[in-house]
Amino acid sequence: MFTIGDFARHGRVSVRMLRHYDAIGLLRPARVDPHTGYRFYTADQLALLNRVIALKDLGFTLEQVGAILDEKFDADELRGMLRLRQAELEAAMAEARARLAQVGARLRAIESEGRMSTQDVVVKKIPAVRIAELSGVAASFGPQHIGPVIGPLYDELCGRLEAAGLTGFGPGIAYYEDAGRGDGSVLVHAGMTVPEGTEVEGVEVRVLPGIEEAATVVHRGSMDTILPTAQTLARWIEANGYETRHYARELYLECPEDRSRWVTELQEEIVRA
């Protein structure tokens, strides 16, 4: 038999953890000396300890681990729990990838401060355009909140336009407004340019007003990496004595399946400061 210290070393866990498992009835020692209170374990118990650690690493609570080891769940219930945990892990990985892209964009913005060229900023007049649109609310203007809202809006919008027999619509135009809740949330408008006379059930068709004077810049790449481009535009606006009053519009010029090859024009209304 092993002392608790030896068993902990063989199981690659702490003595404190083994004492906790004993206290909650998850992994009892094989024997406890009645005089000294010393705990002793057998080699066979390493397999049980390994199962406990493996289930914990999958994200199960100790209460759930105990129920699984006691076979209180049937095969279907356990399969369902594992699938739920798999979905949670996949969602966490997707969120981590999005955060990684945002961190990369922030780093590129920091590294390029004071050095990024602004020669590609063009001032021009933006004409009015007829669009079909769907709207939703995002918690903030950050990419981590805009992306999960605007993507499904465009999927639904394009599906409705196609179901109505429309072809050749586009390009897409997105614009944003404060949601008016006082919490930083943003009203997201996902639009597609459509011909005059378009009517689609459940879709708002309207004329998006033109912009008399807009500072524009073209971003090449995924929208997750747009921060440096947006900040280039902001620096140009300040350096040239302008100010803005609205969020920039996004005109999606090219949207292939590979998002790293997207081409998007940012259009920001400007007025003299």
Side-chain angles (χ1 to χ4, degrees), residues 105-106 108-109 112-138 140-143 145-147 149-151 153-154 157-158 168-180 184-196 198 203-256 259 261-273:
R106 291 284 180 185
R108 286 189 292 275
S112 63
E113 282 178 356
R115 297 185 290 106
M116 185 175 290
S117 170
T118 58
Q119 64 182 8
D120 292 330
V121 175
V122 176
V123 176
K124 60 185 177 182
K125 182 176 181 178
I126 306 296
V129 61
R130 186 178 306 277
I131 63 171
E133 70 170 52
L134 292 176
S135 303
V137 176
S140 79
F141 195 52
H145 292 138
I146 295 294
V149 174
I150 199 168
L153 285 176
Y154 269 114
L157 176 61
C158 292
F169 51 83
I173 299 176
Y175 66 101
Y176 308 89
E177 303 174 274
D178 288 325
S185 56
V186 175
L187 186 60
V188 180
H189 300 271
M192 281 286 186
T193 55
V194 293
E196 188 174 354
T198 296
V203 175
E204 181 181 358
V205 178
R206 57 165 298 190
V207 174
L208 187 63
I211 301 175
E212 190 62 30
E213 193 171 25
T216 68
V217 67
V218 173
H219 171 71
R220 300 180 185 277
S222 166
M223 296 301 289
D224 291 334
T225 64
I226 202 168
L227 182 64
T229 305
Q231 292 187 353
T232 291
L233 188 59
R235 281 195 293 270
W236 183 94
I237 289 170
E238 181 183 51
N240 287 273
Y242 290 99
E243 62 182 32
T244 63
R245 295 176 181 155
H246 306 286
Y247 294 101
R249 293 181 186 176
E250 296 163 359
L251 174 64
Y252 304 114
L253 299 172
E254 297 179 22
C255 299
R259 292 176 179 267
R261 299 176 60 191
W262 278 26
V263 180
T264 307
E265 182 179 75
L266 299 184
Q267 304 172 339
E268 193 151 355
E269 183 176 7
I270 54 176
V271 293
R272 282 292 176 185

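Small disclaimer: the values here were computed from a predicted structure and weren't measured. Side chains are part of it too, since the values below use all heavy atoms of this structure and drop only hydrogens, waters and symmetry mates.
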*Asks:* Do you know which two heavy atoms are closest between Ala190 and Leu157, and how far apart they sit?
*Replies:* O-CD2, 3.4 Å
*Asks:* Can you measure from NZ (Lys124) to CD (Glu212) and round to the nearest 0.5 angstrom?
*Replies:* 14.5 Å
*Asks:* Measure the acute angle between the ring planes of Trp236 and Tyr242, then classify it against the limits of 30° and 60° as parallel, tilted or perpendicular.
*Replies:* parallel
*Asks:* If only atom types and distance count, is the side chain of Thr264 paired as donor or acceptor with the main-chain N or O of His219 below 3.5 Å?
*Replies:* no
*Asks:* Can a side-chain donor-acceptor contact be found between Gln267 and Tyr175 if the only test is distance below 3.5 angstrom?
*Replies:* no
*Asks:* Dump the intermediate steps for side chain to side chain contact (heavy atoms under 4.5 Å, CB included) on Phe169 and Thr198, then the final yes or no.
*Replies:* CA-CA 10 Å; Phe169 51 83; Thr198 296; over 6 Å; no
*Asks:* Should Glu250 and Leu266 count as side-chain neighbours, where that means a heavy-atom distance under 4.5 Å?
*Replies:* yes
*Asks:* I need the minimum non-hydrogen distance between Gly170 and Met192, along with the two atoms involved.
*Replies:* CA-SD, 3.8 Å
*Asks:* Heavy atoms only: give me the nearest Tyr252-Pro171 pair and the separation to one decimal.
*Replies:* O-CB, 3.2 Å
*Asks:* For the CD1 atom of Ile126 and the CD atom of Glu268, what is their distance to the nearest 0.5 Å?
*Replies:* 12.0 Å
*Asks:* How long is the straight-line distance from CG of Leu233 back to OG1 of Thr244, given to the nearest 0.5 Å?
*Replies:* 8.5 Å
*Asks:* Out of curiosity, His189 NE2 to Ile150 CD1, how far, rounded to the nearest 0.5 Å?
*Replies:* 10.5 Å
*Asks:* Under the criterion side chain to side chain contact (heavy atoms under 4.5 Å, CB included), which of Val188, Val186, Leu187 is the partner of Glu177?
*Replies:* Leu187
*Asks:* Just wondering, are more than 12 heavy atoms of other shown residues or ligands nearer than 6.0 Å to CD in Glu213?
*Replies:* yes
*Asks:* Taking all non-hydrogen atoms of both residues into account, name the closest pair between Arg249 and Pro209 and its distance.
*Replies:* NH2-O, 2.6 Å
*Asks:* For residues Arg130 and Glu196, report the shortest heavy-atom separation together with the two atoms involved.
*Replies:* NE-CA, 3.4 Å
*Asks:* Evaluate the side chain to side chain contact (heavy atoms under 4.5 Å, CB included) criterion for residues Asp120 and Val218: first the C-alpha distance (whole Å), next the side-chain angles of each, then the deciding distance (0.1 Å), finally the verdict.
*Replies:* CA-CA 8 Å; Asp120 292 330; Val218 173; over 6 Å; no
*Asks:* Give the minimum heavy-atom separation between Ser185 and Val137, together with the two atoms involved.
*Replies:* CB-CG1, 4.0 Å
*Asks:* Are there more than 12 heavy atoms of other residues, nucleotides or ligands under 6.0 Å from atom CZ of Arg259?
*Replies:* no
*Asks:* Rounded at 0.5 Å granularity, tell me how far CZ in Arg245 sits from CD in Glu269.
*Replies:* 7.5 Å
*Asks:* Would a distance-only check, ignoring hydrogens and angles, find a side-chain to backbone donor-acceptor pair under 3.5 Å from Trp262 to Arg220?
*Replies:* no
*Asks:* If you measure from OG1 on Thr216 to CD on Glu265, what distance do you get to the nearest 0.5 Å?
*Replies:* 4.5 Å
